[in-house]
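One structure, as structure tokens, below. Some questions next.
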Amino acid sequence: MLEAFIFDLDGVITDTAYYHYLAWKKLADDIGIDIDIEFNESLKGISRMESLNKILEYGYKKDLFSEEEKMKMAEDKNNYYVSLINKITSNDILPGIKNLLDDIKTNDVKIGLSSASKNATNVLKHLGISDKFDFIADASKCRNTKPYPDIFLMSAKGLGVNPKNCIGIEDASAGIDAINSANMFSVGVGDYKNLKKANLLVNSTSQLNFKYILSEYNKYIVRSII
Ligand code: B16
Ligand code: MG
């Protein structure tokens, strides 16, 4: 029996993934590292410090900065990111998401949020949809980040549901791995190239239809019983 939908935030509910990219790009430019939108794919779903380390490694500058300097860089990136997200409104909710949230509620299924972002609560507030969520997992309290299952298991626990009865939705490869490891049904939004391990894949959020996802989830459950 389906008990909950658990959402990723950046790239699923709203396109903050692009703002993360702009903020990292600005920082990388300042220290002479050239990153592009393709490289940014590898930063999706992973934490702020892990992202910074990946960028430094990519630019062969991993050992050039002290921990203190790296903390300052991450803080600068976040300040710029926050200035960008402070401008978002309900118009920035991705297509299909509002309807999906409403349909989930109408069908008495719970809704959780499992974002790696420490800015998640602020983003939801700006989008005006905080009240749709029955539980928001706190990324700062999560020891192992995506691709580990912890943040999805945290939501299942907070919602009081069995992970096996949950559907997780993600746009990042690390996130799909996290959902699969949590023993949930994974729905990927984006390219096959990045999300081949998803149980169900759609190209864009506008294809995230409640009835369609539910029917694919039910088929998956039947297949796993046989
Ligand atoms: P912050 P998600 C993730 O959010 C982003 O995809 C990732 O790019 C970002 O580094 C991470 O949040 C941490 O975000 O710096 O705001 O704490 O996709 O898991 O919702
Ligand atoms: Mg994401």
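Whatever order the structure lists ligands and atoms in, that order sets their numbers, starting from 1. All residue numbers in this chain count up from 1 along the given sequence.
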Quiz item: Taking only heavy atoms of Leu9, which atoms of ligand 1 are found under 4.0 Å from at least one of them?
Solution: 20 (O)

Quiz item: Measuring from Thr145:OG1 to Met49:CE, what's the distance to the nearest 0.5 Å?
Solution: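 Here the interatomic distance stands at 12.5 Å.
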
Exercise. Return the orientation label for the Phe210 and Phe5 ring planes: parallel under 30°, perpendicular over 60°, tilted otherwise.
Key: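 Taking Phe5 first and then Phe210, their aromatic rings sit tilted (interplane angle of 30° to 60°).
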
Practice problem: Identify, for atom 6 (O) of ligand 1, the protein heavy atom at the shortest distance, and state residue, atom and that distance. | Solution: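 That would be Gly45 N, 2.7 Å.
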
Quiz item: Are any of the side-chain heavy atoms of Ser90 and Lys98 separated by less than 4.5 Å?
Solution: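 A side-chain contact exists here, since the closest heavy-atom pair is under 4.5 Å.
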
Practice problem: Report, as a single number, the protein N, O or S atoms less than 2.8 Å from the Mg ion (ligand 2). | Solution: 3

Quiz item: Nearest non-hydrogen atom to atom 15 (O) of ligand 1 belongs to which of His20, Lys54, Arg48, Lys44?
Solution: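 Shortest heavy-atom distance from atom 15 (O) of ligand 1: Arg48.
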
Quiz item: Would Ile179 and Asn199 count as a side-chain contact (heavy atoms from CB on, under 4.5 Å) if you check the C-alpha gap in whole Å, the side-chain angles of each, and the deciding distance to 0.1 Å?
Solution: CA-CA 10 Å; Ile179 297 171; Asn199 297 126; 6.0 Å; no

Practice problem: Distance to 0.1 Å, residue and atom name: give those for the protein heavy atom nearest to atom 10 (O) of ligand 1. | Solution: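 Result: Ile46 O, 2.7 Å.
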
Practice problem: Look only at interatomic distance and state if Tyr81 has a nitrogen or oxygen under 3.5 Å from any nitrogen or oxygen of ligand 1. | Solution: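 By distance alone, the answer is no.
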
Practice problem: Give yes if a backbone or side-chain nitrogen or oxygen of Ser115 is under 3.5 Å from a nitrogen or oxygen of ligand 1, and no if not. | Solution: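 Yes, at least one N or O pair falls under 3.5 Å.
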
Quiz item: Do Ser114 and ligand 1 have an N or O pair less than 3.5 Å apart?
Solution: no

Exercise. Can you pull out the closest protein heavy atom to atom 18 (O) of ligand 1? Residue, atom name and distance to 0.1 Å, please.
Key: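 Going by distance alone, atom 18 (O) of ligand 1 is nearest to Asp8 OD1, 2.8 Å.
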
Quiz item: Under a 4.0 Å heavy-atom limit, does Leu43 contact ligand 1 with its side chain, its backbone, both, or neither?
Solution: backbone

Quiz item: Can Ala172 be said to touch ligand 1, with heavy atoms closer than 4.0 Å?
Solution: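 It does not; every heavy atom stays at 4.0 Å or beyond.
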
Practice problem: Taking the side chain as every heavy atom from C-beta outward, state whether Leu94 and Val12 have any pair of such atoms under 4.5 Å apart. | Solution: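 Answer no - side chains too far apart.
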
Quiz item: Quick one: does ligand 1 sit under 4.0 Å from the side chain of Ser51, the backbone, both or neither, non-hydrogen atoms only?
Solution: side chain

Quiz item: Considering only heavy atoms of Asn119, which atoms of ligand 1 have at least one such atom less than 4.0 Å away?
Solution: 1 (P), 16 (O)

Self-check item: Any Lys146 heavy atom less than 4.0 Å from ligand 1
Solution: yes

Quiz prompt | Where ligand 1 meets Lys118 - atom numbers and elements under 4.0 angstrom, heavy-atom basis | solution =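 That gives atoms 1 (P), 16 (O), 17 (O) of ligand 1.
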
Self-check item: Lys125/Asp131 ion pair, N-O < 4.0 Å
Solution: no

Exercise. Report yes if the side chains of Trp24 and Arg48 come closer than 4.5 Å at any heavy-atom pair, otherwise no.
Key: yes

Quiz prompt | Identity and distance of the protein heavy atom lying nearest atom 5 (C) of ligand 1 | solution =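 Here the nearest protein heavy atom works out to Asp10 OD2, 3.3 Å.
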
Quiz prompt | Crowding at NZ, Lys196 (>12 non-hydrogen neighbours, <6.0 Å) | solution =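 Yes, the 6.0 Å shell around NZ holds more than 12 heavy atoms from other groups.
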
Quiz item: Do Lys77 and Leu52 come within less than 4.5 Å of each other through their side chains, counting heavy atoms only?
Solution: no

Practice problem: Check for a donor-acceptor pair, side chain of Gln207 on one end and backbone N or O of Ser204 on the other, with a separation under 3.5 Å. | Solution: yes

Quiz item: How many angstroms lie between CD in Glu75 and CG in Leu27, if you round to the nearest 0.5 Å?
Solution: 12.0 Å

Practice problem: Please name the residue in the list Asn78, Asp10, Asp15 that meets the side-chain hydrogen bond (donor to acceptor under 3.5 Å, both in side chains) test with His20. | Solution: Asp10

Practice problem: Flag the pair Asn162 / Glu3 as yes when at least one side-chain heavy-atom distance between them is below 4.5 Å, and no otherwise. | Solution: yes

Quiz item: Nearest to atom 13 (C) of ligand 1, what protein heavy atom do you find, and at what distance?
Solution: Ala116 O, 3.5 Å

Quiz item: Do Phe185 and Tyr217 have ring centres separated by under 6.0 Å?
Solution: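 Phe185 vs Tyr217: aromatic centres under 6.0 Å.
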
Quiz item: Any Lys/Arg nitrogen of Glu67 or Lys70 sitting under 4.0 Å from an Asp/Glu carboxylate oxygen of the other?
Solution: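 Judged by the 4.0 Å cut-off on N to carboxylate O distance, Glu67 and Lys70 do form a salt bridge.
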
Quiz item: If you measure from each heavy atom of Ala17 to ligand 1, is any distance below 4.0 Å?
Solution: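 Contact absent.
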
Quiz item: Polar-atom distance check: Glu170 versus ligand 1, any N or O pair below 3.5 Å?
Solution: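 No, since none of the N or O atoms of Glu170 sits under 3.5 Å from an N or O of ligand 1.
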
